[in-house]
Every structure is written in C-alpha cells, then in structure tokens.
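There's a structure below that I have some questions on.
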Protein chains: 2
Amino acid sequence: MKNRLKVLRAMRDWSQQDLADRLEVSRQSVNAIETGRYDPSLPLAFRIADVFEMPIEEIFERD
Amino acid sequence: MKNRLKVLRAMRDWSQQDLADRLEVSRQSVNAIETGRYDPSLPLAFRIADVFEMPIEEIFERD
DNA sequence: TCTTGATGTAAAGTGTGTTTGTCATGATTC
DNA sequence: GAATCATGACAAACACACTTTACATCAAGA
C-alpha cells in the first residue's frame, strides 16, 4: 500500500511526533508507515482518517 | 471495529468459503473477522472493499 | 437415518504491527 | 561549535493477523 501521510502532514506543518501524538502511537510507527516499512492496522487507519478528516481511500492506495 | 460482512455476504448468497475464495484467505479468517475475533489487515480490508464494490467506511465501523 | 454443506471454535505455527530504546545525520539557532 | 529538533533506521520484545488442521453442531435433503 502507498500512502500520502507525509504530504498531508506537511500541509498541516506537523512533525512526525505531532502526528504520533494525535494518533496516540509512537513516532517510530508514524515513520515506519510513512517510509513504507509496513501498513497500519485497520483501527489505526481509521484513526488516521479521523485526524485528517478524509476517507481512508483518499489517504491509502493499493500499490 | 464492527463490520457488515455477514449481511453483505448474505445479500449475495455467498458462503464464508465463497468469500474466502474471492479474498484469497482461509475460511477461518473470514469467520474470525465476521465474528469479531480480530480485524483484518489494511490490505485485506481493501480487498474486501473491492469484492463488495463499496468503500471501506461502508463496511467497517469504529466501535 | 445418513450424508452433506455451512458455520463456529481451538491449537499451533508463521509473519506483521507496534513499542521502547538507541544511534546517526542534517538543519537551525545561539 | 554546542545544543536542539526532525527524520530515518535498527534491534528486541510483545501483541495481533493469518494459516493449517481438526473437530463439533446444526439444518436440509435423499
């Protein structure tokens, strides 16, 4: 899966730590997801969608 | 997370095995997801959305 | 009644998601 | 040039997703 986390984060001028705090996960998780080392769980994907106020499909893409 | 798999499957008259075949996972995985024992991975959630031709948000719900 | 299909569940194993802790690097600032 | 911040990465440990095999129950039909 590809994702637009880095761009969406940049648009809001949030650091990885800022986003991690909002998602209540570790900064390393945000980094790993952004750099494509692994995909988030479904519950975390929903929280990401909540934080960015967008549907999951607009944040993640099949690759 | 809650999900509408069982209903969506019933609407198409598919058995758990039918759905498992389309998703290329085991029937036990379908059953476990339906009965709420665990949530699918994000890639599997996307495949489920593909099979039912609906957005993920219309199949799964925060609980 | 015997069988067959659909479903729920369990144990054991593999792989992935997530955490904490740590280190390295580049950019910024004092 | 020392300090700080943002980022990328790795390792160990643990939790969860998923598979295979297997067994039990129930309903429907022959």
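Here is the naming used below: chain letters follow the sequence lines, and residue numbers restart at 1 for every chain.
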Practice task
Any chance you could measure B/Ser29, atom OG, to B/Leu44, atom CG, to the nearest 0.5 Å?
Solution key: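 Here the interatomic distance stands at 7.5 Å.
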Practice task
To the nearest Å, give me how far apart CG (B/Leu42) and C1' (D/dC16) are.
Solution key: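 Value for this atom pair: 15 Å.
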Problem - Phosphate-side-chain proximity, B/Arg27 and C/dA6, N/O vs OP1/OP2 below 4.0 Å - result: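 Answer no for this pair, as no side-chain N or O of B/Arg27 is under 4.0 Å from OP1 or OP2.
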Problem - Integer-rounded Å distance: D/dC5 C1' and A/Arg9 CZ - result: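 Between C1' of D/dC5 and CZ of A/Arg9: 13 Å.
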Handout entry: Residues A/Glu34, A/Arg9: salt bridge by 4.0 Å N-O rule
Key =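 Salt bridge: yes.
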Practice task
Return the value, rounded to whole Å, for the distance between atom CG of A/Leu5 and atom P of D/dG8.
Solution key: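 About 11 Å, once rounded to whole Å.
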Handout entry: Rounded distance in Å - CG (B/Asp21) to P (C/dT7)
Key =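 Between P of C/dT7 and CG of B/Asp21: 12 Å.
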Handout entry: Length of the CG-C1' vector between B/Asp18 and C/dA6, whole Å
Key =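 Those two atoms, CG and C1', are 10 Å apart.
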Exercise for the section: State whether the side chain of B/Arg62 and the backbone N or O of B/Met1 hold a donor-acceptor pair below 3.5 Å, judged by distance alone. Expected result: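 Not confirmed, B/Arg62 side chain does not pair with B/Met1 backbone.
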Exercise for the section: Give a yes/no on whether any side-chain N or O of B/Ser29 is located under 4.0 angstrom from OP1 or OP2 of D/dC18. Expected result: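 Checking B/Ser29 against D/dC18: no side-chain N or O falls below 4.0 Å of OP1 or OP2.
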Exercise for the section: Give the nucleotide from the list C/dT9, C/dA6, C/dG17 with an atom nearest to the side chain of A/Asp39. Expected result: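 Comparing C/dT9, C/dA6, C/dG17 against the side chain of A/Asp39, the answer is C/dG17.
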Practice task
With the side chain of B/Thr35 defined as its heavy atoms from C-beta on, choose the nearest nucleotide among C/dA6, D/dT7, C/dT9.
Solution key: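 Side chain of B/Thr35 sits closest to C/dT9.
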Exercise for the section: Consider the side chain of A/Tyr38, meaning its heavy atoms from C-beta on, and name the nucleotide among C/dT9, C/dG17, D/dC18 that approaches it most closely. Expected result: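 Ranking C/dT9, C/dG17, D/dC18 by closest atom to the A/Tyr38 side chain puts C/dG17 first.
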Practice task
Quickly work out the B/Asp13 CG to C/dG5 P distance and round it to whole Å.
Solution key: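 About 15 Å, once rounded to whole Å.
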Practice task
Could you tell me the separation between the CZ atom of A/Arg37 and the C1' atom of C/dG17, rounded to a whole number of Å?
Solution key: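 To the nearest whole Å, that distance equals 12 Å.
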Exercise for the section: Please state whether the phosphate of D/dA6, meaning OP1 or OP2, lies under 4.0 angstrom from any side-chain nitrogen or oxygen of A/Lys6. Expected result: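 The answer is no; no side-chain N or O of A/Lys6 sits under 4.0 Å from OP1 or OP2.
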Handout entry: OP1 or OP2 of C/dT18 under 4.0 Å from side-chain N/O of A/Ser41
Key =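 Yes, within the criterion.
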Problem - Comparing A/Pro43 and A/Trp14 on DNA chain D - which has the more 5′ nearest nucleotide - result: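 Per heavy-atom nearest nucleotide, the more 5' residue is A/Trp14.
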Handout entry: Distance, rounded to the nearest Å, where B/Gln16 contributes CD and D/dT20 contributes P
Key =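 Rounded to the whole Å, the gap is 16 Å.
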Problem - Passing option when A/Ile59 is tested against A/Val7, A/Ile48, A/Val51 for side chain to side chain contact (heavy atoms under 4.5 Å, CB included) - result: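 Exactly one candidate clears the test, A/Ile48.
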Practice task
Would you mind telling me which of C/dT20, D/dA17, D/dG8 lies closest to the side-chain atoms of A/Ser26?
Solution key: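 Closest of the options to the side chain of A/Ser26: C/dT20.
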Problem - Given D/dC18, C/dG17, C/dA10, the nucleotide with the shortest approach to the side chain of B/Gln28 - result: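 Nearest to the side-chain atoms of B/Gln28, counting from C-beta on, is C/dA10.
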Handout entry: Any A/Asn31 side-chain N or O less than 4.0 Å from OP1/OP2 of D/dG8
Key =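 Looking at the OP1 and OP2 atoms of D/dG8, one of them is under 4.0 Å from a side-chain N or O of A/Asn31.
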Practice task
Would you check if the side chain of A/Arg12 reaches a backbone N or O of A/Leu8 as a donor-acceptor pair within less than 3.5 Å?
Solution key: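 Yes, A/Arg12 side chain to A/Leu8 backbone: donor-acceptor pair under 3.5 Å.
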